[in-house]
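For the single chain, residues carry numbers from 1 onward in sequence order. Quick caveat: nothing in here was measured; it's all calculated off a predicted structure. First listed ligand is number 1; within each ligand, the first listed atom is number 1.
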Amino acid sequence: MITPAKTELFGLFAAETAEALKPLGLEPYRGKQIAEWLYKHGVREFDTMTNLAKDQRTKLRNSFTIMKLSQKAAQHSRDGKTSKFLLAFPDDMAVETVLMRQHYGNSVCISTQVGCAMGCSFCASTLGGLARNLTGGEILAQVLYINELLKQEEHKIDSIVIMGSGEPLANYDNVMRFIRLIHEPYCLNLSYRSITLSTAGLVPEINKLADEGIPITLSISLHAPNNELRTRLMPVNKRYPLEQVIAAGSRYAQITGRRITYEYTLIAGINDQPVHARELAMLLKGHLASINLIPINPVPERGLLRPAPSDISRFEQLLKNEHLNVTLRREMGTDIDAACGQLRHKILSE
Ligand code: SAH
């Protein structure tokens, strides 16, 4: 006799869980109870679900699985503020998840794909190409892994940045499931405003996201002020050139009322000159936007360098002179392979 495959519960909404329980004869309200065990309480064994009878727990164990992550590596910055984890799923595929303890709260940076297909020239995540998309449950599992660690210190997660490995909008449905799940009261009850999603600029999906009615913060990776340079750094620019990306950003800002952040990674001698700053200012003047300057985390395989501090401050000042809203990304964890994909790349290449 072939035993039917068990269904994975982790990543289902309470209503979906209730539906999945029907054939076992469990009451619909059990859906929410189980979701609370999984998400709110971090339980990974049916036997710990003490408000269920023993025979119900046996039935559940025979029909369902609960995904568990295993930690393959961890690095902690010397100042203790940044911790980076390499977390593996049951198929042994692994992604990076980062905890940043900032003065305004604890922020978790999560991955949405194993590897990445975008091919940006300065990024380590894309070095081995795309292995696969993560499911909504696998994205959520990274956050809850960190949540359990923080609980032990009587701390909690205050914000989430979807800025780890992968292009989130290339895995749209799974990322949306994750965002809606984490917002549920039976999960972390996190407000949409404390979630930031960063995209390389997939225009149709930015437009779709604007129409979802969930006011998350959107960051768009720009990295260059003209198409010629942007195509060199980000191949996706051939598909969605700069002007289309900025038009989609403006539409997002208009519909959601939320300011867009344009990310600009500064690379020595490539995009950090005064001419680039002026061109960037022209491009973004008058938009509901801010610019986040990120001095590149050098990736040895890429041979790209960080600009001198004086070049970074000159670039920042030129934008400020044009009355643009500029922030310089605070350096966190540069001593622990904190650039996207670096830890995974290192461990896999060993
Ligand atoms: N795919 C998404 C998320 C990527 S990671 C996106 O493209 O936005 C978040 C940001 O880090 C992006 O702006 C990305 O371009 C940038 N980034 C990637 N590698 C970097 C590096 N080595 N140094 C600095 N920023 C980097």
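With no hydrogens or angles considered, a side-chain donor-acceptor pair links Glu279 and Asn226 at under 3.5 Å. Using a 3.5 Å distance cut-off with no hydrogens or angles, the side chains of Arg329 and Asn292 do pair a donor with an acceptor. Inspection of the Gln317 and Asn321 side chains reveals an N or O donor paired with an N or O acceptor under 3.5 Å.
Evaluation of the ring pair (Phe, Tyr, Trp, His ring centres under 6.0 Å) rule for Tyr192 yields His183 as partners, not counting sequence neighbours. Applying the side chain to side chain contact (heavy atoms under 4.5 Å, CB included) criterion to Arg61, with sequence neighbours excluded, gives Phe46, Asp47, Thr58.
Taking a 4.0 Å cut-off on heavy atoms, Gly166 registers as neighbouring ligand 1. Not a single heavy atom of Met118 lies less than 4.0 angstrom from ligand 1. Close to ligand 1: His223, with a non-hydrogen atom less than 4.0 angstrom away.
Some N or O of Glu263 is nearer than 3.5 Å to an N or O of ligand 1, by distance alone. Considering backbone and side-chain N/O of Phe122, one or more are found under 3.5 Å from N/O of ligand 1.
For Thr199, every heavy-atom contact with ligand 1 shorter than 4.0 Å involves the backbone, none the side chain.
Those atoms of ligand 1 with a heavy atom of Ile296 less than 4.0 angstrom away are 21 (C), 22 (N), 23 (N), 24 (C). Distances below 4.0 Å separate heavy atoms of Cys123 from the following atoms of ligand 1: 18 (C), 19 (N). Every atom of ligand 1 is numbered from 1 in the order shown, and the set under 4.0 Å from a heavy atom of Met163 is 5 (S), 9 (C).
Separation of the Phe122 and His223 ring centroids falls under the 6.0 Å cut-off.
Comparing heavy-atom distances from atom 16 (C) of ligand 1 across Val236, Thr265, Leu222 singles out Thr265 as nearest.
At a threshold of 4.0 Å, the pair Glu27-Arg30 counts as salt-bridged, since one of the basic side-chain nitrogens sits closer than that to a carboxylate oxygen.
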